[in-house]
Amino acid sequence: CDHARLAVSTLLLALLKQRMNDVKGARSVFLNFFRTIMEYPEDKECACSAKVLQAYALFEMKCGHGRKSLEIVMRAVELDEELRPVLAWKQFREVMVAS
């Protein structure tokens, strides 16, 4: 995958920003990654990008943005079907029921 290095760097930087309680900074890191991978729509299956999107979804869920989180994790599942079990997690099930 062409995004592997960017994915690892994104996860590490986002985690650092979260540990520093820099919510805006962490969100910015994830959004920049998201924008970058959206420039390559031909990458229909990309496990490393999917994992970053999953982490971004969990971050948004933690921040209280359930609907946004669900949309992000569904995009992650589109990129990597092996992440589909995440949709069965309680927090995502609750958002799906509420929608």
If you group Ile, Leu, Val, Met, Phe, Trp and Tyr by side-chain heavy-atom gaps below 4.5 Å, do [X] and [Y] land in one group?
X   : Y   : answer
L6  : L12 : no
F34 : V23 : yes
F59 : L53 : yes
F33 : L31 : yes
V73 : F30 : no

Locate the shortest heavy-atom distance separating [X] from [Y]; write the atom from each residue and the value.
X   : Y   : value
L58 : S69 : N-OG, 4.3 Å
M74 : L87 : CG-CD2, 4.1 Å
A14 : A26 : O-CB, 3.9 Å
V95 : G66 : CG1-O, 3.6 Å

* Check the pair K17 / R27 against side-chain contact (heavy atoms from CB on, under 4.5 Å), numbers first and verdict last. => CA-CA 9 Å; K17 295 283 188 182; R27 184 173 287 119; over 6 Å; no
Would you give the length of the straight line joining atom [atom1] of [X] to atom [atom2] of [Y], rounded to the nearest 0.5 angstrom?
X   : Y   : atom1 : atom2 : answer
Q54 : L11 : CD    : CG    : 10.0 Å
E82 : R84 : CD    : CZ    : 12.0 Å
Y56 : K68 : OH    : NZ    : 3.5 Å
M61 : F92 : CE    : CZ    : 4.5 Å
E94 : M96 : CD    : CE    : 10.5 Å

* Asked: Is E71 salt-bridged to R75, going by a charged N under 4.0 Å from an acidic O?
  -> no
* **Stepwise side-chain contact (heavy atoms from CB on, under 4.5 Å) test for V77 and E81** => CA-CA 5 Å; V77 170; E81 273 293 319; 4.0 Å; yes
